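What you see is a predicted model; the values in this text were computed from it and never measured. Hydrogens, waters and symmetry mates play no part in the numbers below; they use all other heavy atoms, side chains included. So you know, we letter chains A, B, ... as the sequences are listed, proteins then strands, and number each from 1.
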Number of protein chains: 2
Amino acid sequence: MCFNHPPASEIRLERVLYALGDPIRLKIVESLEKGVELACSAASCGLDLAKSTQSYHFRILREAGVIRTRKSGIYYMNSVRREELDARFPGLLDAVLAAAAKGCPNAAPMAGTHPPVK
Amino acid sequence: MCFNHPPASEIRLERVLYALGDPIRLKIVESLEKGVELACSAASCGLDLAKSTQSYHFRILREAGVIRTRKSGIYYMNSVRREELDARFPGLLDAVLAAAAKGCPNAAPMAGTHPPVK
DNA sequence: CCCCATGGTTCAAGATTATTGAACTGTTGT
DNA sequence: ACAACAGTTCAATAATCTTGAACCATGGGG
């Protein structure tokens with residue numbers, strides 16, 4: 001099930017902005033922006049949502065070309081398509097994440113929440 | 001009728017991204033981004049929309065803090081809140097507009113369309 | 001001054017889009 | 001083989017966009 005990842009050349013600004021323009025999805029991207037790869041449940045950790053809703057948001061991010069999803073064992077591992085986004089829209093993700101980091105110095109105090117250590 | 005412009009300190013990233021995450025509103029901001037001040041009808045020129053719809057999108061941009069609207073005579077003049085946005089989210093608008101300019105080298109061939117010369 | 005044309009707004013209705021529970025697919029561990 | 005688990009898909013409900021009609025304010029003629 002290798003999902004519908006758009007090729008880098010077809011990533012469209014409107015879709016990216018739309019994807020980032022939702023608080024839930026922005027938080028997901030933030031949590032992913034340590035450069036790490038996280039399972040859906042770990043990336044949307046703390047957000048109180050039905051899992052079908054989470055799935056929906058991951059799909060939006062995926063189809064916009066913001067994240068990449070790879071199935072590893074039982075988990076769906078997600079990461080931000082950093083290089084491709086930076087190449088296509090230089091400075092955009094940096095500016096968004098810098099702004100997000102400033103506006104919200106949230107160090108969500110997550111404790112022992114199901115680690116996707118694999 | 002001095003609208004609901006949020007003070008600079010209350011401009012929230014989520015709202016800004018949401019506002020920019022719509023093709024119509026992005027085009028409006030682009031057309032405003034010559035640093036000029038334009039009437040609504042001029043800023044949304046070329047977009048084929050009911051004027052109530054245009055009004056709605058201008059309101060979203062306004063309440064997000066992206067644009068400023070001032071009534072001058074019979075016109076509602078709009079401009080981007082450049083300095084405030086740059087101060088609050090450095091590089092964000094630059095990155096977005098650079099990306100938009102690259103993705104779409106549209107020189108919309110507008111001819112003698114009702115100029116808001118005032 | 002009265003009237004009307006004009007630029008935008010507001011309101012209520014119908015048309016997209018987001019959220020969610022239930023049922024499902026695939027993988028792992030026992 | 002089976003149960004448990006991570007995510008997906010589907011269909012129904014809730015929320016948001018779009019639009020026409022009615023409206024407000026301003027400015028320009030008679």
Side-chain angles (χ1 to χ4, degrees), chain A residues 1-5 14-15 17-28 31-32 36-64 67-79 112-118, chain B residues 1-5 14-15 17-28 31-32 36-64 67-79 112-118:
Chain A
M1 268 330 107
C2 280
F3 291 115
N4 259 7
H5 293 111
E14 295 167 359
R15 303 268 285 183
L17 288 178
Y18 177 78
L20 296 177
D22 177 280
I24 292 167
R25 295 192 288 262
L26 185 57
K27 287 218 182 72
I28 290 175
S31 77
L32 245 33
V36 297
E37 202 181 22
L38 290 179
C40 295
S41 53
S44 58
C45 190
L47 314 172
D48 191 17
L49 294 168
K51 60 179 182 170
S52 47
T53 308
Q54 296 178 32
S55 189
Y56 169 75
H57 287 299
F58 277 97
R59 184 159 68 81
I60 298 286
L61 287 167
R62 204 153 45 219
E63 295 182 349
I67 67 172
R68 181 191 298 114
T69 304
R70 171 179 74 88
K71 187 158 188 181
S72 167
I74 213 176
Y75 295 103
Y76 292 62
M77 302 302 279
N78 302 279
S79 53
T113 34
H114 35 116
V117 284
K118 169 76 175 78
Chain B
M1 256 329 115
C2 279
F3 292 113
N4 260 7
H5 293 112
E14 294 169 0
R15 304 268 284 182
L17 288 178
Y18 177 78
L20 297 176
D22 177 279
I24 292 168
R25 296 192 289 262
L26 186 58
K27 287 218 182 72
I28 292 176
S31 78
L32 246 34
V36 297
E37 202 180 23
L38 290 179
C40 294
S41 53
S44 58
C45 190
L47 313 173
D48 190 18
L49 295 167
K51 60 178 181 171
S52 46
T53 308
Q54 295 178 34
S55 190
Y56 169 74
H57 286 300
F58 277 96
R59 185 160 64 82
I60 298 288
L61 286 167
R62 206 155 43 222
E63 295 182 348
I67 67 172
R68 182 190 298 112
T69 304
R70 172 179 73 86
K71 187 157 191 182
S72 166
I74 213 177
Y75 296 103
Y76 291 63
M77 303 301 280
N78 302 279
S79 53
T113 35
H114 36 113
V117 283
K118 171 69 175 78

K.L.:
Is the shortest heavy-atom distance from the side chain of A/Arg68 to the side chain of A/Arg62 under 4.5 Å?
P.N.:
no
K.L.:
Name every donor-acceptor pair, under 3.5 Å, that has one atom in a side chain of residues 50-57 of chain B and the other anywhere in the protein, sequence neighbours excluded.
P.N.:
from, atom 1, to, atom 2, distance (Å)
B/Gln54, OE1, B/Ser44, OG, 2.7
B/Gln54, NE2, B/Leu49, O, 3.2
B/His57, ND1, B/Arg25, NH1, 3.0

K.L.:
Would you indicate which nucleotide in C/dT19, D/dT26, C/dT27 comes nearest to any side-chain atom of B/Ile74?
P.N.:
D/dT26
K.L.:
Would you say the side chain of B/Ser55 and the base of C/dG8 hold a donor-acceptor pair, judged only by whether the two atoms sit under 3.5 Å apart?
P.N.:
no
K.L.:
Tell me: CG of B/Asn78 to P of C/dG7, nearest whole Å?
P.N.:
14 Å
K.L.:
Does B/Met77 reach the side chain of B/Lys71, with side-chain heavy atoms less than 4.5 Å apart?
P.N.:
no
K.L.:
Could you check which of D/dT18, D/dT8, C/dG8 has an atom nearest any side-chain atom of A/Phe3?
P.N.:
D/dT8
K.L.:
Any idea which of D/dT8, D/dG7, D/dT18 is nearest the A/Tyr75 side chain?
P.N.:
D/dG7
K.L.:
Establish, with yes or no, whether the OP1 or OP2 oxygen of D/dT18 is under 4.0 angstrom from a side-chain nitrogen or oxygen of B/Arg59.
P.N.:
no
K.L.:
Choosing from C/dT9, D/dG20, C/dT20, which nucleotide comes nearest the side chain of A/Ala50?
P.N.:
C/dT20
K.L.:
What is the distance, to the nearest angstrom, from the OH atom on B/Tyr56 to the P atom on C/dC11?
P.N.:
15 Å
K.L.:
Between atom CG in A/Leu61 and atom P in D/dT8, what is the gap in whole Å?
P.N.:
12 Å
K.L.:
Assign each of B/Arg25 and A/Ser52 to its nearest nucleotide of DNA chain D by heavy atoms, then name whichever residue's nucleotide is nearer the 5' end.
P.N.:
A/Ser52
K.L.:
Side chains of B/Lys27 and B/Leu47: closer than 4.5 Å at any heavy-atom pair?
P.N.:
yes
K.L.:
Looking at the side chain of A/Lys71, which of C/dT27, C/dG8, C/dT9 is the nearest nucleotide?
P.N.:
C/dT27
K.L.:
Tell me: CZ of A/Phe58 to C1' of D/dT9, nearest whole Å?
P.N.:
17 Å
K.L.:
When you measure only distances, ignoring hydrogens and angles, does the side chain of B/Ser41 come within 3.5 Å of the base of C/dG7 through a donor and an acceptor?
P.N.:
no
K.L.:
Please determine, for the side chain of A/Leu49, which listed nucleotide (C/dT20, D/dA6, C/dT9) has the closest atom?
P.N.:
C/dT20
K.L.:
So, do A/Ile28 and A/Ile67 sit near enough that their side-chain heavy atoms are less than 4.5 Å apart?
P.N.:
no
K.L.:
Whole angstrom is fine here: how far is it from CD1 in B/Ile24 over to P in D/dT16?
P.N.:
18 Å
K.L.:
Hey, is the side chain of B/Arg70 poking within less than 4.0 Å of OP1 or OP2 on C/dG8, counting only N and O atoms?
P.N.:
no
K.L.:
Toward the 5' end of DNA chain D, which comes first, B/Lys51 or B/Gln54, by nearest nucleotide?
P.N.:
B/Gln54
K.L.:
If I take atom CE in residue A/Met77 and atom P in nucleotide C/dT27, what distance separates them, rounded to the nearest angstrom?
P.N.:
16 Å
K.L.:
What's the CG-P distance between A/Leu38 and D/dA6, to the nearest Å?
P.N.:
14 Å
K.L.:
Just compare D/dG7, D/dT18, C/dG8 and give me whichever is closest to any side-chain atom of A/Ala39.
P.N.:
D/dG7
K.L.:
So, is the end of the A/Arg70 side chain (NZ or CZ) under 6.0 Å from the ring centre of A/Tyr76 and within 45° of the ring's axis?
P.N.:
no
K.L.:
If I take atom CD1 in residue B/Ile60 and atom C1' in nucleotide D/dA15, what distance separates them, rounded to the nearest angstrom?
P.N.:
13 Å
